[in-house]
Amino acid sequence: MAQPSITLFNTLTMQKEPLVPTEPGAVRVYVCGPTVYSYIHVGNARTFTSFDVVVRYLRYQGYRVTYVRNYTDVDDKIIKAAHETGEDPVALAARFVEIFREDARALHMQEPDVSPKVSEHIPEIIRIIEKLVERGVAYESQGDVYFSVSRYPEYAKLSKRNLDDLRAGERVQPGEQKHEPLDFALWKAAKPGEPAWDSPWGKGRPGWHIECSAMSARYLGESFDIHGGALDLIFPHHENEIAQSEAASGKRFAKYWMHCGFLDIEGAKMSKSLGNVVRLRDALAKVDAEALRLFFLSTHYRHPLDFSDKAIADAEQRMEYFYETLRKVDEKVAGKDFGKGPLHGEPGRFLKEFEAAMDDDFNCAGALGGLSGLFGLMNELVDKPPVKDKALVGRTLQALREDVRKVSGVLGLFEDDPGQWLLRRRERAVRERGIDVAEVERLIADRNEARKAKNFAEADRLRAELKSKGVEIMDTAGGTTWKVAPPAAETA
RNA sequence: GGCGCCAUAGCCAAGUGGUAAGGCAAGGGUCUGCAAAACCCUCAUUCCCCGGUUCGAAUCCGGGUGGCGCCUCCA
């Protein structure tokens, strides 16, 4: 197999590098999953969608991928949330794991190969902490165990921080027994009412970062290929993972570090204090899942992205164009046999362009740009073929449609049946706008009567009446169809 | 203060040394009884500003200006 030439930007080196997996033909990927204390928001969704596509593309290029994305189900935030609701922390976490699964499925994300939970890997975590203590890079202090940053000379190589500066800004939390302010907890002594496990240091629970070191080692080995997360995890989370893992194993931890940019909301940083956090489920109640994916993928994954009503509406409109095109293509060529023979033009070039863009640090935005040509050609071949040979046109459309399916499998777009998608979208719009379908159909029937009688004044009046209700009608060869006009078309 | 990112048309956005993808919006056209959809055409001599390197820079270097992120939990 010719090895594909994927390059990716590595946060560790701050450069694009060719992907050279440790084991030829196989890529091992670890992505920091959600801390399950609440519903995920659209920012989380963007990150996970980005890596969903990374993994899909690696597989598309023939790599055997092992994709691990954890659930952090033991954590301060969970304990706090459980305290507020009076729920048991373990039960609350389990509940949000299920909610996350539903959300991920709703956004058409593929399941990782392994989705380990912290609570089920305490022995592995204890073992790695023991190893760090044995090696003298971690120490116990009144039931807590801390990692000694000064014992790991390469600390801060990922975030490129200066240790003295970090020390200047660091504060020891009350109750912590660190030797040095930068040291961080591997194990926390149990406090009353917290989930706790037995350990060589007494009852307690893991610190925040160690779970990723333990679980990635368990499922991917001590050295693996790609480790991902959002930008804010670079420091301290990923930095600490590197320190723990490399100090414990003596081997290089992850080879490539990929970090996803932030999602803003209407130009502002999403934050609880601003009160502008948008839950994924709330977004999905308003916008089609694939339209949301399209929106995420239309900007490079490392760049900031602004979530806004306009951007979402644009994405949804674009999805409608894509699906409308696919519907027409399927109507014309699905399941038909046009025999063997040449194709019109050079249809294969679109897939090549797509791959070239994706090879370049998973440039989905660039890849999407190339799709315009593909869809434009399909529309042209359906509506006004430049050549008379129907078999030639049919074959070409089928080839193009096949390429769309390939792209589909990578981006997680156009996975629905076009007719179904369009119908669902219309039904949602009908609900949102309170449109009376029976009345719409009656008016259309009346209009067609008028048209048959050549009473075009009346026909136009009925068209205008429908339009005023937010309904646009289309006279096609197969009869009159209708759709709900986008809200933007109305005068506000 | 430290580390880092970004700045491309009215808007969104790709492009990181070879002479500006794509989308939306806008204008014109084909089609249509009229429309819608679709397709075609037009729409940045120019990529925040000033220097420099180069035969050649939106792309590299230096200096500005303006946004933003991380440095505490954060996807």
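Each chain gets a letter, A, B and so on, in the order the sequences are listed, and its residues count up from 1.
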Visitor: For E239(A) and S159(A), does a side-chain donor sit closer than 3.5 Å to a side-chain acceptor?
Guide: yes
Visitor: Could you write nucleotides 1-6 of chain B as a row of B, S and -, 5' to 3', where a protein heavy atom under 4.0 Å of any base atom gives B, of only sugar-phosphate atoms gives S, and otherwise -?
Guide: -BSSS-
Visitor: Write down the distance separating the C1' atoms in C48(B) and C68(B), rounded off to the nearest Å.
Guide: 15 Å
Visitor: With a 3.5 Å distance limit and no angle check, can you tell me whether Y39(A) reaches the backbone of F96(A) through a side-chain donor-acceptor pair?
Guide: no
Visitor: Just how far, in rounded Å, is C1' of G69(B) from CZ of R46(A)?
Guide: 13 Å
Visitor: Using atom P in both nucleotides, what's the gap between A44(B) and G63(B) to the nearest angstrom?
Guide: 34 Å
Visitor: Between P on A75(B) and NE2 on H238(A), what's the gap in Å once rounded to a whole number?
Guide: 11 Å
Visitor: When you check the side-chain N and O atoms of S372(A) and R318(A), is any donor under 3.5 Å from an acceptor?
Guide: yes
Visitor: Should C31(B) form a Watson-Crick or G-U wobble pair with both distances under 3.5 Å, which nucleotide is its partner?
Guide: none
Visitor: Does K390(A) have more than 12 heavy atoms from other residues, nucleotides or ligands lying within 6.0 Å of its NZ?
Guide: no
Visitor: Output the rounded distance in Å from CZ (R279(A)) to P (A75(B)).
Guide: 14 Å
Visitor: Can you see whether F235(A) has R161(A) sitting over its ring - NZ or CZ less than 6.0 Å from the centre and within 45° of the normal?
Guide: yes
Visitor: Does N379(A) put a side-chain nitrogen or oxygen below 4.0 Å from OP1 or OP2 of A37(B)?
Guide: no
Visitor: Do K286(A) and D309(A) meet the salt-bridge criterion of a basic N to acidic O distance under 4.0 Å?
Guide: no
Visitor: Rounded to whole angstrom units, what separation is found between the CD1 atom of I265(A) and the C1' atom of A75(B)?
Guide: 12 Å
Visitor: So does K269(A) get a side-chain nitrogen or oxygen closer than 4.0 Å to the phosphate oxygens (OP1/OP2) of C68(B)?
Guide: no
Visitor: Please give the nucleotide sitting opposite A9(B) as a Watson-Crick or G-U wobble pair, both distances under 3.5 Å, or none.
Guide: none
Visitor: Does F48(A) have R69(A) sitting over its ring (NZ/CZ under 6.0 Å from centre, angle to axis within 45°)?
Guide: yes
Visitor: Taking atom P in both C41(B) and U46(B), what distance in whole Å separates the two?
Guide: 24 Å
Visitor: Between S298(A) and G376(A), just flag the one whose closest nucleotide in RNA chain B comes earlier from the 5' side.
Guide: S298(A)
Visitor: Can you tell me the distance, in whole Å, between the OH atom of Y39(A) and the P atom of A75(B)?
Guide: 17 Å
Visitor: Which whole number of Å gives the distance between the C1' atom of G66(B) and that of C74(B)?
Guide: 27 Å
Visitor: Using the P atom on both, measure U16(B) against U72(B) and round to a whole Å.
Guide: 34 Å
Visitor: Indicate, with a heavy-atom threshold strictly under 4.0 Å, whether K328(A) touches base, sugar-phosphate, or nothing.
Guide: sugar-phosphate
Visitor: Could you tell me the separation between the CG atom of L158(A) and the P atom of C71(B), rounded to a whole number of Å?
Guide: 14 Å
Visitor: How far, in whole Å, is A75(B) from C70(B) if one measures between their P atoms?
Guide: 12 Å
Visitor: Which is true for Y37(A) with a 4.0 Å heavy-atom rule: it touches a base, it touches only sugar-phosphate, or it touches nothing?
Guide: sugar-phosphate
Visitor: For each nucleotide in nucleotides 20-36 of chain B, reading 5' to 3', give B when a protein heavy atom comes within less than 4.0 Å of its base, S when such contact involves only the sugar-phosphate, and - otherwise.
Guide: -BSSSS----B--BBBB
Visitor: Which nucleotide, if any, forms a Watson-Crick or G-U wobble pair with C55(B), using both distances under 3.5 Å?
Guide: G18(B)
Visitor: Compute whether any side-chain donor of one residue and acceptor of the other, for Y67(A) and D52(A), lie under 3.5 angstrom apart.
Guide: no
Visitor: For A58(B) versus U45(B), give the span between their C1' atoms, rounded off to a whole number of Å.
Guide: 13 Å
Visitor: Does H300(A) make a side-chain donor-acceptor contact with the base of A13(B), cut-off 3.5 Å?
Guide: no
Visitor: Rounding to an integer number of Å, can you tell me how far H209(A) NE2 sits from U72(B) P?
Guide: 11 Å
Visitor: Taking the six-membered ring for Trp, are H209(A) and H238(A) closer than 6.0 Å centroid to centroid?
Guide: no
Visitor: Name the pairing partner of C68(B), where a pair is Watson-Crick or G-U wobble with both distances under 3.5 Å, or state none.
Guide: G4(B)
Visitor: Across the strands shown, which category fits L233(A) at heavy-atom distances under 4.0 angstrom: base, sugar-phosphate, nothing?
Guide: sugar-phosphate
Visitor: Only pairs at least two apart or in different chains count here, so list each side chain to side chain donor-acceptor pair (under 3.5 Å) that has a residue in residues 29-38 of chain A.
Guide: Y30(A)-N70(A)
Visitor: Could you tell me whether E211(A) and K117(A) have a side-chain N and a carboxylate O separated by less than 4.0 Å?
Guide: no
Visitor: Measure the distance from CZ on F322(A) to C1' on A37(B) and round it to the nearest whole Å.
Guide: 16 Å
Visitor: Between G52(B) and U42(B), how far apart are the P atoms? Round to whole Å, please.
Guide: 37 Å
Visitor: Do E17(A) and T7(A) meet the criterion of a side-chain donor-acceptor pair at a distance under 3.5 Å?
Guide: no
Visitor: How is L263(A) classified with respect to the nucleic acid when contacts are heavy atoms under 4.0 Å: base, sugar-phosphate, or nothing?
Guide: base
